[in-house]
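Notes for the one structure printed next.
Residues take their numbers from the sequence shown, with the count starting at 1.
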Amino acid sequence: MPFIPFHNYFPEIAEKESRTIQVFNDPKLAGDHFLLMELFCDEPKCDCRRVMLNVFSLKRKSIVAVINFGWESEKFYENWFGSKDKKLIRELRGPSINDLSERTDITKKIFEHVKLTLENHIFVQRIKLHYVFFREHIEKLASGELTNISHSIKMPGRNDLCSCGSGKKFKNCCLS
């Protein structure tokens, strides 16, 4: 299952809404900015509800960590994956360092800061909304309804239902 950067399809949204981390109290991380680049699965009909975050160091000009994050319940991932293997389910749900990606000397340290960032409800709601946009785009591409690589998406109005599927109005959900 290949993961594609969100900014490939939604560059305007990614430019405005990508999160960066700056660490001051750690000499190994200080003086650098870390960009969290969202990647989602591009497999049609997949509903894994996960994001892969490439943590890009602006100072080093390279990816220093790859973090997986699934925001649904353990039960969801048991059903989705078809396994009750607790270790595997814990890796699918919540943040984890991607075992298949190269690690650097700061991967573990930056992972701790990314975990703290993922405790921010607003940031996670934004990831979920980006996931919805991405999934809709992938399904349209798969059905032949869409052929261009990059397009704009209409943001919901304040009183419209939120695109993340919560059932709440956009102003009471992901707008903030």
Side-chain angles (χ1 to χ4, degrees), residues 1-22 33-58 62-81 83 87-104 106-142 149-151 153 155-156 162-166 170 173-176:
M1 113 178 37
F3 280 74
I4 305 295
F6 179 75
H7 68 263
N8 281 15
Y9 297 130
F10 304 99
E12 301 87 11
I13 296 173
E15 185 178 331
K16 290 179 192 169
E17 298 184 357
S18 289
R19 176 64 72 91
T20 60
I21 297 173
Q22 190 172 9
H33 285 80
F34 301 94
L35 176 65
L36 303 182
M37 298 168 37
E38 299 170 23
L39 292 88
F40 297 104
C41 170
D42 78 338
E43 198 172 295
K45 305 287 185 223
C46 178
D47 190 24
C48 58
R49 301 184 195 175
R50 301 179 75 235
V51 64
M52 187 178 291
L53 298 169
N54 282 348
V55 184
F56 185 83
S57 161
L58 296 180
S62 64
I63 294 172
V64 294
V66 180
I67 311 299
N68 299 319
F69 178 65
W71 53 84
E72 294 292 345
S73 68
E74 286 187 15
K75 192 74 174 159
F76 173 87
Y77 291 108
E78 285 177 7
N79 292 333
W80 176 77
F81 197 69
S83 171
K87 183 181 184 292
L88 178 63
I89 298 305
R90 275 194 302 274
E91 287 182 21
L92 291 172
R93 186 193 180 282
S96 64
I97 297 172
N98 187 317
D99 289 334
L100 301 177
S101 298
E102 189 176 322
R103 294 181 184 211
T104 67
I106 62 171
T107 297
K108 286 184 180 179
K109 286 184 174 217
I110 200 66
F111 174 62
E112 294 305 317
H113 293 281
V114 172
K115 280 196 318 188
L116 289 173
T117 303
L118 289 167
E119 290 176 10
N120 181 307
H121 174 72
I122 294 169
F123 179 59
V124 173
Q125 285 302 108
R126 185 182 301 156
I127 289 174
K128 290 178 183 180
L129 187 60
H130 291 178
Y131 176 81
V132 169
F133 292 165
F134 193 91
R135 294 303 322 150
E136 288 174 355
H137 186 80
I138 293 301
E139 297 309 324
K140 286 179 181 176
L141 283 173
I149 291 178
S150 178
H151 78 286
I153 197 150
M155 294 294 281
C162 190
S163 302
C164 76
S166 68
F170 184 59
C173 194
C174 292
L175 177 63
S176 59

Check against salt bridge (Lys or Arg N to Asp or Glu O under 4.0 Å), E139 and R135: CA-CA 6 Å; E139 297 309 324; R135 294 303 322 150; 2.9 Å; yes

Atom pair CD (Q125) and CG (N120), whose distance is rounded to the nearest 0.5 Å: 10.0 Å

Neighbour count >12 (heavy atoms, 6.0 Å) for atom CZ, F123: yes

R126 CZ to K16 NZ distance, which is reported to the nearest 0.5 Å: 12.0 Å

E136 and K140 ion-paired at < 4.0 Å: no

Those residues that, when tested against S96, pass side chain to side chain donor-acceptor pair (under 3.5 Å) (two or more places apart): none

From L53 atom CG to E38 atom CD, the distance as rounded to the nearest 0.5 Å: 6.5 Å

By salt bridge (charged side-chain N to carboxylate O under 4.0 Å, His left out) - contacts of E102 (at least two apart): none

Min side-chain heavy-atom separation P95-K115 under 4.5 Å: yes

Test item: R50 side-chain N/O and R93 main-chain N/O as donor-acceptor pair under 3.5 Å: no

Ring centre gap for H113 and F34 strictly below 6.0 Å: no

Point-to-point distance, once rounded to the nearest 0.5 Å, from CD1 of I127 to OG1 of T117: 9.5 Å

Parallel, tilted or perpendicular, as decided by the 30° and 60° cut-offs, for the rings of F6 and F40: perpendicular

Pair Y77 and F81, ring centroids less than 6.0 Å apart: no

Report, one line per pair, each donor and acceptor closer than 3.5 Å where one atom sits in a side chain of residues 62-76; sequence neighbours left out.
residue, atom, partner, partner atom, Å
N68, OD1, N98, ND2, 3.4
E72, OE2, R49, NH1, 3.3
S73, OG, F76, N, 3.1

Gap separating the CG atom of L39 from the NE2 atom of H130, nearest 0.5 angstrom: 13.0 Å

Minimum heavy-atom distance between C46 and Y131, given as atom pair plus value: O-OH, 4.0 Å

Under the side chain to side chain donor-acceptor pair (under 3.5 Å) test, residues paired with K87 that sit two or more places apart: E91

Between OH on residue Y9 and NE2 on residue H137, distance to nearest 0.5 Å: 5.0 Å

Contact summary for C41 and I138, nearest pair of heavy atoms: O-CG1, 4.4 Å

For R19, all residues meeting side chain to side chain donor-acceptor pair (under 3.5 Å), sequence neighbours excluded: none

With sequence neighbours excluded, residues passing side chain to side chain donor-acceptor pair (under 3.5 Å) with R90: none

